[in-house]
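Predicted, not measured: the structure shown is a model, and the values here were computed from it.
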Amino acid sequence: MKIEQIYTGCLAQGAYYIESKGEVAIIDPLRETQQYIDKANANNSKIKYIFETHFHADFVSGHVDLAKKTGAKIVFGPGAETTYDIHSASDNELFKLGNITIKALHTPGHTLESTTYLLIDENGKNHAIFSGDTLFLGDVGRPDLAIKTDLTKEDLAGMLFDSLRNKIMTLADDVIVYPAHGAGSACGKNLSKETVGSIGDQKHTNYALRADMTKAEFVEEVLDGIAPPPQYFAKNAMMNKTGYDSFETVLKSGNSPLNPEDFEAMANHEEALVLDVRPQSEYIKAHIPNSIFIGLNGQFAPWVGALITDLKQPILLIVPEGKAKEAVTRLSRVGYDNTLGYLEGGLDAWIASGKDIDTLESISAETFAKRVKEGNVNILDVRKDGEYKSMHIENAQHLALDFINSKMNEVSKDKTYHIHCAGGYRSVIAASILKARGFHNLVDIAGGFGAIKKTDLPTTEFVCPSTL
């Protein structure tokens with residue numbers, strides 16, 4: 001028996017490759033599926049099942065493509081309805097895979113069809129669960145993402161309580177827990193950085209599995225502090241439910257080099273968004289006017305999903321050398337399939353052709369501190385709500401990047417803003433969006449709040465996020 005976790009940091013997502021006696025199951029595969037096929041072929045094995053723990057909202061799964069390529073059966077939990085062929089498992093249904101068995105445990109709550117898959121080894125011992133978004137390490141799945149249901153989030157939270165108590169916590173303490181996500185995912189609020197745990201550990205450390213917890217307490221605590229889901233979540237869930245274009249088709253279209261003239265003409269003709277995915281330091285030095293920065297070196301896909309509202313938006317890319325395929329792939333993981341190509345030769349080619357560029361002023365935290373002391377400075381903090389409430393510069397205006405599109409009326413084009421986040425990535429994203437909307441008096445603070453804290457600028461008293 002072989003179990004391999006294939007973890008993708010940008011999405012904080014774990015897919016799983018399980019193999020026994022030449023038969024393979026893939027759980028929650030990513031959009032680009034060739035990696036699973038190559039792995040099976042290298043082991044002279046055949047992919048038999050594709051298990052989906054639920055209709056994912058934070059990424060587009062590769063189940064449809066993988067089934068077409070391999071003939072493997074797609075398995076969802078009870079009640080799942082799709083426009084393509086699947087097997088909707090019944091609760092406690094068994095699936096043979098070589099010498100092992102995989103048992104479907106219906107665990108509704110995160111969504112109605114949510115299912116945990118219990119792996120029973122060749123000796124008949126419960127070995128591990130693949131818990132999807134039902135149970136994370138340190139947290140449980142948010143119960144407010146179900147597609148088209150009359151149930152309230154309180155109803156779903158109650159279902160999740162029952163699922164955890166009746167299906168998960170009854171398992172032995174040594175059963176391994178393989179969750180679908182770790183820290184950084186918006187599918188929960190308190191996820192651990194660890195990506196593998198055990199039932200016993202979670203009983204002792206996960207707030208949602210306290211033995212003395214009532215259902216009412218569970219519902220209240222699970223729902224407390226949940227931020228609104230990113231706008232792309234419902235759209236990705238629907239793509240997972242109804243299907244999508246093949247990854248190879250998307251990659252062929254997006255991974256197309258364009259010279260500066262063709263790039264500019266296509267941007268104008270298609271009303272394409274020019275997305276600059278280079279490191280923020282390069283964007284600061286020079287960029288195409290009105291382009292939006294979201295760098296590959298950060299949480300690229302989730303920020304694209306949060307900030308670009310139309311999944312069908314035509315996109316043209318400015319990429320570091322050799323990174324076009326990666327950028328198109330990571331866009332497709334969250335459903336942005338309409339990439340039209342990339343600027344061949346990058347910004348050097350654009351400049352050499354005589355076309356206009358823009359820059360962004362960026363200063364050190366020390367220079368920023370001097371400016372604050374010298375006079376009235378408008379400070380814009382674009383960190384998340386919890387980060388801001390935990391500790392911030394006195395008199396700083398808060399405008400969380402997550403909601404910048406809907407709160408543009410809270411800033412003025414007549415003011416000069418000094419913008420910061422935690423480390424310098426999100427502040428440049430925010431500045432690029434503001435610049436594209438006609439805000440030109442912007443200054444980025446390099447190193448963000450991490451660097452600012454080392455100056456003598458006054459800040460609010462630190463409040464532990466867990467007590468907010």
Side-chain angles (χ1 to χ4, degrees), residues 6-13 15 29-38 56 58-66 68-69 230 232 235-236 239-240 243-260 262-267 269-280 282-283 287-288 291-350 425 429 432:
I6 304 170
Y7 199 78
T8 303
C10 180
L11 295 172
Q13 189 267 343
L30 279 185
R31 184 78 180 271
E32 63 276 21
T33 57
Q34 192 59 42
Q35 57 183 319
Y36 312 115
I37 297 170
D38 291 345
H56 302 282
D58 61 310
F59 71 100
V60 178
S61 179
H63 56 301
V64 176
D65 269 356
L66 189 56
K68 288 177 180 176
K69 292 177 181 178
Y232 74 103
K235 301 168 187 175
N236 275 198
M239 287 180 71
N240 284 318
Y244 43 76
D245 291 336
S246 74
F247 170 71
E248 285 73 19
T249 299
V250 173
L251 182 59
K252 183 177 180 180
S253 171
N255 193 23
S256 300
L258 299 167
N259 63 43
D262 291 343
F263 185 94
E264 185 175 41
M266 186 172 286
H269 184 267
E270 300 295 333
E271 297 183 351
L273 182 150
V274 177
L275 183 62
D276 194 324
V277 305
R278 299 173 299 151
Q280 59 262 34
E282 294 184 26
Y283 178 89
H287 55 266
I288 294 175
S291 60
I292 300 299
F293 164 79
I294 306 178
L296 287 173
N297 60 328
Q299 287 220 308
F300 173 70
W303 281 118
V304 167
L307 298 170
I308 301 176
T309 56
D310 183 4
L311 262 62
K312 299 184 182 300
Q313 168 68 53
I315 294 173
L316 288 167
L317 294 168
I318 311 294
V319 298
E321 182 69 28
K323 292 290 187 177
K325 181 178 179 181
E326 177 185 342
V328 176
T329 297
R330 290 171 69 176
L331 284 168
S332 74
R333 288 175 182 166
V334 285
Y336 293 82
D337 289 356
N338 199 14
T339 306
L340 305 179
Y342 67 93
L343 180 61
E344 186 174 22
L347 208 68
D348 288 343
W350 183 266
Y425 176 77
I429 297 176
S432 74

Kindly say whether F59 contributes a backbone atom to a donor-acceptor pair with the side chain of N240 at under 3.5 angstrom? yes
Heavy-atom nearest pair, L296 first then A327, reads CD2-CA, 4.0 Å
Side chain to side chain contact (heavy atoms under 4.5 Å, CB included) assessment of L11 paired with R330: CA-CA 9 Å; L11 295 172; R330 290 171 69 176; over 6 Å; no
In short, R31 meets F247 closest at the heavy-atom pair O-CB, 3.9 Å
(Q) Whether the side chain of S61 engages the backbone of P29 through a donor-acceptor N/O pair (distance < 3.5 Å, no angle test) should be reported. (A) yes
The reported gap from CD1 in I315 to CG in D337 (rounded to nearest 0.5 angstrom) is 9.5 Å
So, the side chain of Y425 versus the backbone of G295: is there a donor-acceptor pair under 3.5 Å, distance only?
yes
Quick one: are D58 and N236 in side-chain contact, heavy atoms under 4.5 Å?
no
Q. Is a side-chain N or O of S432 found less than 3.5 angstrom from the main chain of I429, in a donor-acceptor match?
A. yes
Does the side chain of I288 reach to within under 4.5 Å of the side chain of F263, using non-hydrogen atoms?
-> yes
Rounding to 0.5 Å, atoms CD (Q13) and NE2 (H56) come to a distance of 7.0 Å
Exactly one of I318, L331, V319 clears side chain to side chain contact (heavy atoms under 4.5 Å, CB included) with L275, and that residue is L331
| query | With a 4.0 Å cut-off, would you call E32 and K325 a salt bridge? | reply | no
query = Would Y36 and I6 satisfy side chain to side chain contact (heavy atoms under 4.5 Å, CB included), going step by step from the backbone distance to the final call?
reply = CA-CA 10 Å; Y36 312 115; I6 304 170; 3.6 Å; yes
Next on the checklist: Any heavy-atom pair between the side chains of L273 and D310 that's under 4.5 Å?
Outcome noted: no
Quiz prompt | W350 side chain reached by E264 side chain, heavy atoms, under 4.5 Å | solution = yes
Residues K69 and E248: closest non-hydrogen pair is NZ-OE2, 2.6 Å
Atom NZ of K323 with >12 non-hydrogen neighbours under 6.0 angstrom: no
Under the 3.5 angstrom rule, does the side chain of S253 hit a backbone N or O of T339 as a donor-acceptor pair? yes
Tightest non-hydrogen contact, residues L340 and A272, listed as CD1-CB, 4.4 Å
Smallest heavy-atom separation, G298 atom then C10 atom, equals O-SG, 4.4 Å
Query raised in the report: Is there a donor-acceptor pair closer than 3.5 Å between any side-chain N or O of Y336 and the backbone N or O of I308?
Result: yes
Distance col, row N338:CG vs S332:OG, nearest 0.5 angstrom, shows 12.5 Å
Looking only at heavy atoms, the pair that brings P260 and A349 closest together is CG-O, 3.6 Å
- Side chain to side chain, Y342 and V328, heavy atoms closer than 4.5 Å: no
To the nearest 0.5 Å, atom CG of L30 lies from atom OG1 of T8 at 4.0 Å
Separation between CG (L343) and CG (L317), nearest 0.5 Å, reads 10.0 Å
Look at the side chain of E271 and the backbone N and O of Q313, then say whether any donor-acceptor pair between them is shorter than 3.5 Å. no
Just so I know, are the side chains of P302 and P230 near enough to count as touching, which here means a heavy-atom distance under 4.5 Å? no
Value for CE (M239) from OH (Y232), rounded to nearest 0.5 Å, stands at 12.5 Å
Could you label the plane-to-plane angle of the H287 and Y283 rings as parallel, tilted or perpendicular, counting under 30° as parallel and over 60° as perpendicular? parallel
